[in-house]
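Here the structure comes first, spelled out in structure tokens, and everything after it is commentary.
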Amino acid sequence: MLATLAQQIELARRRADLDVSGSGLGLALFHSLRTTYLAISTGLDPWKDAGPLFLLTVTNTGEHLLLQGGQPVPVNSPYLAGLFGSAGIDLLPGQLLLLEPELAKDAVEEALGSLALEQALADRERCRRREALDDALTLPPQEELDLLRSAEERSHLLGDRKIDLIAASLVADDTLERARTRLAPKSAEPGTEAA
């Protein structure tokens with residue numbers, strides 16, 4: 001697995017050097033691969049030692065799963081695969097990466113955008129069904145009641161998914177802010193003068 005990671009790191013490094021878009025995702029891909037390589041080569045087990053960090057795992061069927069603190073984050077698997085694929089990197093089934101928070105945040109933001117549309121459509125369907133039942137002069141058939149219940153359950157499930165995505169986004173933001181704070185130059189102590 002280390003040889004595969006080394007090849008992927010080299011591809012990502014070349015792509016990051018050529019990245020003129022300024023998005024920083026190419027560099028984040030490179031850092032994810034390099035961090036994973038260093039962790040595994042020093043004997044760390046990402047499954048055990050990742051803690052609250054983001055992990056990307058590829059299932060035996062090739063599905064890309066994002067995990068945070070060991071729990072799945074409901075992002076779009078093809079989008080994650082596309083992030084790496086656009087850099088010429090095909091992750092292998094069984095591969096596991098410590099994912100940079102920038103990449104996790106990008107995947108979460110994409111999922112939130114898709115979710116907003118899905119939620120709007122589900123809410124419209126739910127409202128349409130409720131209005132039809134409210135306007136009916138007779139007791140509606142059981143099938144209509146079941147369809148309304150199904151639409152309401154779908155709206156609730158989408159709301160739960162949104163909560164999970166927002167929580168993951170907040171973790172990514174917190175991780176990024178901590179990294180910026182660690183890297184920021186320390187200012188002079190109050191009350192001292194620069195020489």
Side-chain angles (χ1 to χ4, degrees), residues 21-26 28-29 32 46-47 50-87 89-179:
S21 69
S23 70
L25 292 180
L29 288 170
S32 293
W47 284 113
L53 301 177
F54 291 97
L55 292 176
L56 174 64
T57 184
V58 182
T59 66
N60 291 335
T61 60
E63 184 178 4
H64 291 60
L65 299 176
L66 179 63
L67 304 169
Q68 191 273 315
Q71 298 299 312
V73 179
V75 297
N76 184 351
S77 176
Y79 182 77
L80 282 170
L83 284 176
F84 284 88
S86 67
I89 299 166
D90 292 321
L91 299 178
L92 303 175
Q95 194 166 356
L96 176 71
L97 295 180
L98 293 162
L99 201 65
E100 287 292 310
E102 293 92 346
L103 292 173
K105 185 165 177 57
D106 187 66
V108 166
E109 287 174 354
E110 186 277 336
L112 281 169
S114 298
L115 178 68
L117 175 61
E118 200 175 339
Q119 201 167 26
L121 293 172
D123 285 344
R124 183 174 72 182
E125 176 67 14
R126 182 183 52 80
C127 288
R128 186 185 66 74
R129 291 196 178 280
R130 178 158 301 282
E131 284 176 12
L133 290 177
D134 290 345
D135 292 343
L137 297 176
T138 62
L139 188 60
Q142 185 62 41
E143 181 180 329
E144 287 297 318
L145 293 172
D146 291 343
L147 288 171
L148 174 61
R149 185 177 312 114
S150 176
E152 288 174 344
E153 287 173 4
R154 178 154 172 69
S155 288
H156 291 299
L157 289 173
L158 290 171
D160 291 345
R161 197 164 112 207
K162 185 175 185 179
I163 290 169
D164 292 343
L165 287 168
I166 290 172
S169 180
L170 291 172
V171 169
D173 284 339
D174 184 54
T175 305
L176 289 169
E177 185 60 34
R178 287 181 193 197

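Both backbone and side-chain heavy atoms feed into the values below; hydrogens, waters and symmetry mates do not.
Contact check on Arg161 versus Glu118 returns a salt bridge, with a Lys/Arg side-chain nitrogen under 4.0 Å from an Asp/Glu carboxylate oxygen.
Atom CG of Asp174 is separated from atom CG of Leu170 by 8.5 Å, given to the nearest 0.5 angstrom. Here the CG atom belonging to Asp90 is positioned 10.0 Å from the CD atom belonging to Gln95, to the nearest 0.5 angstrom.
Counted within 6.0 Å of CZ on Arg128, heavy atoms from surrounding residues, nucleotides or ligands total more than 12; the atom is thus considered enclosed. Heavy atoms from other residues, nucleotides or ligands lying under 6.0 Å from CD of Glu143 number 12 at most.
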Would you check, one step at a time, whether the test salt bridge (charged side-chain N to carboxylate O under 4.0 Å, His left out) holds for Glu125 with Arg129? CA-CA 6 Å; Glu125 176 67 14; Arg129 291 196 178 280; 2.7 Å; yes
After noting the C-alpha distance and the side-chain angles of Leu115 and Leu158, does the key distance pass the side-chain contact (heavy atoms from CB on, under 4.5 Å) rule? CA-CA 7 Å; Leu115 178 68; Leu158 290 171; 3.5 Å; yes
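The backbone N or O of Ala28 sits less than 3.5 Å from a side-chain atom of Ser32, completing a donor-acceptor pair. Side-chain atoms of Ser169 do not come within 3.5 Å of backbone N or O of Leu165 as any donor-acceptor pair.
Arg130 places a side-chain heavy atom less than 4.5 Å from the side chain of Glu152. Annotation: side chain of Phe84 is in contact with side chain of Leu97 (closest heavy-atom distance under 4.5 Å). Two residues are said to be in side-chain contact when any heavy atoms from C-beta on lie closer than 4.5 Å; Leu66 and Tyr79 fail this criterion. Contact of the Leu91 side chain with the Leu80 side chain is not registered, since no non-hydrogen atoms from C-beta on lie closer than 4.5 Å. Between Gln119 and Asp123 there is a side-chain heavy-atom pair separated by less than 4.5 Å. In this structure, Phe54 and Leu103 have side chains that are not in contact, with every pair of non-hydrogen atoms separated by 4.5 Å or more.
The side-chain hydrogen bond (donor to acceptor under 3.5 Å, both in side chains) pairs that include a residue from residues 62-74 number zero, where partners must be two or more places apart or lie in different chains.
Looking at residues two or more places apart in sequence or on another chain, you find a side chain to side chain contact (heavy atoms under 4.5 Å, CB included) between Glu109 and Lys105.
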